[in-house]
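In what follows, a single structure is set out as structure tokens and then discussed.
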Amino acid sequence: MEVRRVTRVFFPYSCLSSVDGVLIGWRDQKRHLVCVVGVITRPFDEQKITAYLRKITLARETRFPISVLGTWENGSNNIAASTCKCELVEDCSWIEMRTFVHNQDPPLCTAKGVWRDDPLMLILYDQTKLLNSRLENSNDKNSLLNGKSKCANVVSDVDCIFDMVNSVKTTVLCKDYADDIHIIHSQTHHGNAFKMWTFPIVIIYSLLIMSISVCLKLSQLLFCNRLVQSKTVQRFVRLPATGCQLIERYCHIQYIITVDKQLKDEQRLQHKTSPKLFISKGNLLSSILLDVFLGVVVMMWLFHNDYPKLVSCNLLHVLDVVGNELQKLLHWLMGVPAGLKLNSQLDEFLGKFFLYHVYLWIGYLNILRPFMETILWSIGLSGCLGLSVFLSLSMDFLSMLTFHIYCFYVYAARLYCLQLSGLSSCWRLFRGKKWNVLRQRVDSCQYDVDQLFLGTILFTVLLFLLPTTALYYVVFTSFRLLVLILDSMLAKTVTTLNTFPVFSVLLRLFHSDMLAGGVRFNVIQRMEGQPLCLSMQVEPAPYSVVLTEGKIEQLDTWRDHQIHNSSIGGLSRRLLLGHLVYPWGGDSKK
Amino acid sequence: MASLKEDTKWKKVLYDNQGKPDNYVDESFLDEMKKNVNTRTYELWNVIIESGVVSQQLSSICVFIVAFIYMEEDILSPQFLLTLSGTMTVLGYILYGVIDGGSEKQESDRTRVDDIKSVCLFLTVTFGLSPILKTLTDSISTDTIYAMTVFMFLGNLLFYDYGSTGAVASNALSLNAAIFASVCLASRLPTPWHAFVTVIFAMQVFALLPVLRRKLKSNIPLSQVMMTWLLATIAMAALFTVSKVGAVLFLLLHLSITFLFPFWLIKLQPYKNNIHGPWDEAVIKDKDA
């Protein structure tokens, strides 16, 4: 027994009360879908309808060709149309729908022609809701990427209906498109309700956009010459976190202003990008505004309590204490720390080396002392550029203050890494093996006598000096990790501020029509012998989907950072082998 | 009903129904088994003479340890040791060249200049590193050092290449173990100069002397016995001056290696019971090799 597909007929609520006429819409034989978009009411001229339909097909690409689907009757007058097939219907099957005036039941629906024997299902939908929303699903992204519509069996039927209704938004559903044909659909009574309160918002928005684009043009004139675009300058600018953050915000603003022009051609092909574009632009703009607002709030709070002076005093005191403690620590390491057996010559050498560095750092702090308050004050002022800029500046300030710890860590790590790799190589030589770089494995090797001799002596020396180096490495790595944790917390906050989709969340809270997450079908009571009738409701997307879909992507693609392995296993491996660790928590390249 | 079929000889196949159960065997069972086909028969005096290699290596280790003890107790001055060993090395080098008759020099591509370069390299590196070597193990206790030395010399003995194709032998590992042990010992001596001399002496005893011994053994077979007894006598005399117990132990060990163990090996040969047969894995013989 072969499985017969059920023919599904979609019918808008707004047409339920229209007078007699013909149904127009889209039909798909393969999927057994029929989607009614509107009803052309009697009296009509058949040639005019044919001309109108041809006009529609010529105007846009024919992914969803509109044709006459069948007849619609309202009331008791059923003499004229039921027996004969309407000449307008070109296909071999059509739908006949009938309802009665002031009848609460769903309309009676029968299929004629080839589809006569197939089971039928009637689905009522709200056309306005469909026009407002976009189904948020991942199929969308894929079909945008390759520029053509995906093959029919991957896109679901509901997606098709959404696309179809949206595709006729400017033609059939537009009031002025039809010349002297009277079509009933959802937009006939809707009209363009021009609310008064949108007027000032539109003016402010356009002023804002104009001023920003003027600034953008000026900055482009300044920054688009070859010197600034060169690799060294670009890398240099991205060295401090503030530079990265400013460039990211600049890219955001550039995107808001210029993305309309860029996407115009693709937009015509897709007819899909408009709501998504709107949402992404809204996200960017709202993120920037929220940023600036929070920054101004923090700035005013700082200056109101006169924090810069207080913080600078405390900071200098803390830094002095830290310097003294470091010196005491190094003296302890040069003795017999925790009873460990260290090589005294190497110990003393390393200890004196690091002591000299601490002395230099204390001198550097003394130079910085009179400027501390000014620096803190200007960092606070930067809050008017946004909270993220403020946080990035504090991150940079923190890195500057703990620069000596970073230096110590790098020295100790490099020394340890070198010693470890030399030791492993000599250990392989001890056993008579060698690392084969070509095959990436350990192979046996015939060594020369002098190689063996030298290798063994080096092995002994490196082995006995390892505990001393390892101890210094452990001590300085732990300091560095402390600073890195602080740094990463700040970086994570900055990233969250950059990527959180404020506008999407607000839309979901207040105007959830725009973010459709799926559809729900409810069964409507029907009379006996009539096909199943469902009503399709559009569900708003859940918050998790809104947050993940709306997340702002990193627009500054120039990052040449190596991809940091920020898992615990990778981190421990790097620490154990002596490779340098970098701050995690920032956005890594996807 | 009597069948006219003759009682044919039972064939060792299973595809033919011979009227017997599957695990039946007749009197030709195990005819194809051969015993001890590939064993070699040992001759007592041969084994005794060949065992000299092991005792030679043991003797050199003992000589080295005694030299270290002398230097630690300040009986032997490092300069004297250095000149003595240097002279012996030069003599040995000349001897090597004479015995060789130039054949091996043509095989390997080391010229005399290469040898001189190696010597200079050893001397310079060790001299440069000797201050570090001296203070390397200051904080480690002497007992640990002695234990490590013993282990390393044992490793040297075990992994030394005694001329057979044993899989355990590894030339690099034995030499490295000996050098490691000598560095451990060198760090216990008073001055860097002592450490330098110790390492150079170890180099000569463990790296250069085996080369000479191998060459002597391959070219003049008679010298093997002489060498064994010479080294053993020197070692015993040296040990006797340091510790009588050590000397007695060494003597016992030497005698067992030379006489007892070969005799034991020969005595155990009759118990050898290797069976070969058609059930062995096929060994693919290479025609060229």
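None of the values given here were measured: they were computed from a predicted structure. Letters go in sequence order (proteins before strands), and every chain restarts at 1.
Environment of CZ in Phe353(A): crowded, with over 12 heavy atoms of neighbouring residues, nucleotides or ligands closer than 6.0 Å. Heavy atoms from other residues, nucleotides or ligands lying under 6.0 Å from CZ of Arg573(A) number 12 at most. Phe349(A) CZ: 12 or fewer foreign heavy atoms inside a 6.0 Å radius. More than 12 heavy-atom neighbours from other residues, nucleotides or ligands sit within 6.0 angstrom of NZ on Lys217(B). Other residues, nucleotides and ligands contribute at most 12 non-hydrogen atoms within 6.0 Å of the CZ atom of Phe127(B). Applying the 6.0 Å contact sphere to CE of Met88(B) captures no more than 12 heavy atoms from other residues, nucleotides or ligands.
Between chain A and the options Leu173(B), Leu129(B), Leu136(B), heavy-atom pairs under 4.5 Å are most frequent for Leu136(B).
Rounding to the nearest 0.5 angstrom, the gap separating the OG atom in Ser130(B) from the CD1 atom in Ile457(A) is 9.5 Å. Put simply, CZ on Phe430(A) and CD1 on Ile179(B) are 10.0 Å apart, with the number rounded to the nearest 0.5 Å.
The two residues Gly432(A) and Ala172(B) come nearest to each other via the heavy atoms CA-CB, 3.8 Å.
Residues forming a side-chain contact (heavy atoms from CB on, under 4.5 Å) with Gln345(A) (at least two apart in sequence, or on another chain): Asn343(A), Thr135(B).
For Asn176(B) (side chain) and Phe453(A) (main-chain N/O), no donor-acceptor pair under 3.5 Å exists by modelled atom type.
Heavy atoms closer than 4.5 Å to chain B are found nowhere in Leu458(A), neither backbone nor side chain. Interface remark: Thr126(B) contributes side-chain atoms only to the contact with chain A (heavy atom separation under 4.5 Å). Proximity to chain B is limited to the side chain of Leu454(A), based on heavy atoms less than 4.5 angstrom apart.
In summary, of the residues considered (Thr460(A), Thr456(A), Val461(A)), a side-chain contact (heavy atoms from CB on, under 4.5 Å) with Val183(B) occurs for Thr460(A) alone.
In this pair, Phe180(B) and Phe464(A) present their aromatic rings parallel. The plane angle is below 30°, not in the 30 to 60° band.
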